[in-house]
Structure formats: C-alpha cells, structure tokens
2 protein chains.
Amino acid sequence: MPPSTPAASTASGAAPLSVQPDRAGDAEGRFQATPLAREVAFLTARARVRGNALANELLSDLDLKVRPFAVLAMACSGTNPSQRELGDFLDLDPSQVVTLVDRLEERGAIRREPDPRDRRSKILVATESGQQLHAQAAERTRKAEEQTLQALTSAERDQLRELLARVVY
Amino acid sequence: MPPSTPAASTASGAAPLSVQPDRAGDAEGRFQATPLAREVAFLTARARVRGNALANELLSDLDLKVRPFAVLAMACSGTNPSQRELGDFLDLDPSQVVTLVDRLEERGAIRREPDPRDRRSKILVATESGQQLHAQAAERTRKAEEQTLQALTSAERDQLRELLARVVY
DNA sequence: TATTGTTATACTCTATAACTATA
DNA sequence: TATAGTTATAGAGTATAACAATA
C-alpha cells in the first residue's frame, strides 16, 4: 500500500477531471459530470431503481409489485406462455417462476393449464378476476411511466422506447 | 375461483391481443408484440440485467463487479465523494457503502480520508494502484457497452445516453 | 438422454434498527 | 436534536442442485 498523502487530493499523474476546489452545494451536480454518470449501464441501472420504486409504490394498494405484475401481464397477453418461456423472457429463474405463479394462482388471478402438445409444460392464463386486477395495475404502471418520463416530450418517449427495444431485442 | 375452462384459451370478454393460433417457433417473437414488452420500465430492467451480466463477466478477471466498479470509478473521478454522497448517487444504503468501501480498501484500491470540514464524514480517494485497476476495468466496461449497444449507430448511442440522462437527472 | 416444473437450499443483495462520534 | 459512519441482523431477491414426470 502506498504511503498516506495529504487529504482530499486528486492524487498522482494526470488529473481525471477538472473539479471545483472541493464541496459546493449538493453532490449530485458534481457527480453528473463524471464519466460513470454517462455510461448507459449506469443510467439504465438508475432508471430502473427509481422507476421500480415508484411503480411498486403505486401498485402497493393492489398488493402487487413489478415482478408479479409482469407475470400477470404476460398471462393476460393472449400469448399463452409456458412457465419456461415466461422465465426466459422475464429473466427469471425457473424456481422463481414457480413461486411467483404459486402466489398469483393462490389469489385466483391466474391458472396453470395443461399444454396439449407437451404434458410436461404448463400454460399460464389469467382468470376473469386476474384480468380485472391487471387492468387496474396497468393503469398504475402507466401513471408511473408517465411520471418517470415527465422530462421528455411524447416524441422523445417513443424515441427512447424504440432505441431501448432495439438494444434488448 | 372460476370454473376451469377449455385450455390455452384467451378467456372471456375482449381479447387482449390478436395472436397467432398458438405456438410458433420460439416464444420471444410472440412476446415482443405484447404491451409489457414496450414499457420503458420493462425495457430498462431487461437492458440492465443483460448489460450487468456482460459487464460482470468482462470484469471477472479483475475480481470486480459493476457495483464495486462504480464505487472505484467515483473515487477516481476527482470529485472526492463522502460515503453518504456516494450512497445517494449510486442508490446504495449507507451500510452497503461500508461493505463495498471496506473491500476496496482491503485491496489497497481506495482510501478513506478525513474530511477537514466535518470530522464525522470520510472522503473516498483512489490510491495509485486503484487508479491503475480502474483504468483496466473502465476499458472492460467500455467494451461491454460497445457490445450491448451494437445494434445502434454512434449517433443513436449518444441520443440514448442523452434521453436517459434527462430522465434520471 | 434431455427437458419442464418442482423442492430445498444457499448465496447475494437490500433494508432496518441501534450504536458512536461528531455537529 | 440531527447526521455520518458503523455493526448486526433480517428480509427479499437470485442462483444451484437434485428429483419426478414426460419427451
């Protein structure tokens, strides 16, 4: 380990960034000029943390969180996903899917139905009450997205959606 | 609970989506037409999961993951963050910061230095070896981002960065 | 032999409360 | 009285291995 140096210094070699002498008001502003703050990985992580927090908050009165909501939404989509397919799409482990599906099935929101083409697999479909629950929940996630993206115009939101979709699909 | 219905049906009421009779090749294609698949919350979650996985993989030979990398990057930024400020910026609990900083300090990559203006707080700065480690790690995260965004042109990447930054800052 | 769903289990991540030293 | 960092702990989320039924 190197010997201890003065304090609050920028240390040896080339200075990583020109920086105000030290503290200003709050730190956010200083940090936003940092290379890390412009990495897409960092920006998406931050967007996801804050978006999730807001969505979970708005969903809380329905006793739902974003993960179970996503499962319910897929069961309501008319695409008849099997548990395996759903796990692949939502980046969920098979064992996680079991737990999520169990809870939604206990609530009477979805059902496991046999797949006529493969008796090993189970197809997820929503019940009538599950579809009503989904309608309420989708309204809340729509509001969460509206609030999360309030800094963008409608055209910019579509643009963001389009760019992200091209990245992940 | 409602009575059981045929199987793989779209269920009662208005059909949520027009859908191919049933199974096609793989499920991804079917699912991408779903409303959930166009929610920004879902897209960022997916981008984050896959981006993180790739970045962690590329960082593994340096014995780093994205979280500790972010802490190291901030310590190398010249902005002299305190632990509290860093936790706020990276969406980390104060106790999580302690653990992350402990490990990086044990490796000799960063140091806690006293804040001359407030003896309660500790300022994080990188050591010389920490800066070298960061340089190697940053090269790997740059490659991860390059690979993650390969579907986009350079202009589109900047556009995505800009839109995300406006959302989260 | 490989795959779907399941169970049990362990591991990581995240959050909470209580403590200390400073402010 | 409030805040920064710390510790211990609990809870949620995620991952792994083994198993039964089916392909």
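Chain letters run A, B, ... following the sequence lines, proteins first, then strands; residues in each count from 1. Keep in mind that what you see is a predicted model, and the values were worked out from it rather than measured.
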**Q** Would F69(B) and L36(A) satisfy side chain to side chain contact (heavy atoms under 4.5 Å, CB included), going step by step from the backbone distance to the final call?
**A** CA-CA 10 Å; F69(B) 167 73; L36(A) 180 72; 4.1 Å; yes
**Q** Starting from the 5' end of DNA chain D, give me the residue, Q96(B) or D91(A), whose nearest nucleotide shows up first.
**A** Q96(B)
**Q** Quickly work out the L92(A) CG to dA12(D) P distance and round it to whole Å.
**A** 17 Å
**Q** Just how far, in rounded Å, is C1' of dT14(D) from CG of D88(A)?
**A** 16 Å
**Q** With a 3.5 Å cut-off and no angle check, do the side chains of Q136(A) and Q132(A) form a donor-acceptor pair?
**A** no
**Q** If you look only at pairs with a residue in residues 160-169 of chain B, which of them pass as a salt bridge (charged side-chain N to carboxylate O under 4.0 Å, His left out), with sequence neighbours excluded?
**A** E156(A)-R166(B), E145(B)-R161(B), D158(B)-R161(B)
**Q** Among all residues two or more places apart in sequence or in another chain, which pass the side-chain contact (heavy atoms from CB on, under 4.5 Å) test with E139(A)?
**A** R142(A), K143(A)
**Q** Between C1' on dT4(C) and CD on E85(A), what's the gap in Å once rounded to a whole number?
**A** 11 Å
**Q** List in chain and number order the residues that pass side-chain contact (heavy atoms from CB on, under 4.5 Å) with R50(A), two or more places apart in sequence or in another chain; answer none if no residue qualifies.
**A** R46(A), D91(B)
**Q** Please report the closest heavy-atom contact between S77(A) and T34(B), naming both atoms and the distance.
**A** CB-OG1, 3.2 Å
**Q** Expressed in angstrom and rounded to an integer, what is the separation of R84(B) atom CZ from dA2(D) atom C1'?
**A** 11 Å
**Q** List the steps, then state whether side chain to side chain contact (heavy atoms under 4.5 Å, CB included) holds for L90(A) with Q96(A).
**A** CA-CA 11 Å; L90(A) 301 183; Q96(A) 295 176 260; over 6 Å; no
**Q** Please examine the side chains of R84(A) and P94(A), heavy atoms only from C-beta on, and report whether any two atoms are closer than 4.5 Å.
**A** yes
**Q** Using OP1 and OP2 only, check whether a side-chain N or O of R112(B) sits under 4.0 Å from dT6(D).
**A** yes
**Q** Where the side chain of D102(B) is defined as all heavy atoms beyond and including C-beta, which of dT7(D), dG5(D), dG5(C) is the nearest nucleotide?
**A** dT7(D)
**Q** So L160(B) and L160(A), side chain to side chain contact (heavy atoms under 4.5 Å, CB included) or not? Walk me through it.
**A** CA-CA 7 Å; L160(B) 176 60; L160(A) 176 60; 3.7 Å; yes
**Q** Whole angstroms only, please: what is the CG-P distance between L100(B) and dT6(D)?
**A** 12 Å
**Q** Looking at N80(A) and E85(A), what are the two nearest heavy atoms and their distance?
**A** O-OE1, 4.2 Å
**Q** Whole angstroms only, please: what is the CG-P distance between L86(B) and dA4(D)?
**A** 13 Å
**Q** With the threshold set at under 4.0 Å for non-hydrogen atoms, list the residues of residues 51-75 of chain B touching DNA chain C in residue-number order.
**A** K65(B), R67(B)
**Q** Quick one: which of dT6(D), dT14(C), dT6(C) gets closest to the side chain of K122(A)?
**A** dT6(C)
**Q** If you compare all heavy atoms of T44(B) against all heavy atoms of A47(A), which two are closest, and at what distance to 0.1 Å?
**A** CG2-CB, 4.4 Å
**Q** Take atom CG of L124(A) and atom P of dT4(C), then tell me their distance rounded to the nearest Å.
**A** 14 Å
**Q** Do nucleotides 17-23 of chain D as a string where each nucleotide becomes B, S or -: B if the base has a protein heavy atom under 4.0 Å, S if just the sugar-phosphate does, - if no protein is that close.
**A** ----BBS
**Q** Where along residues 40-50 of chain A does a heavy atom come under 4.0 Å from DNA chain D, residue by residue in number order?
**A** none
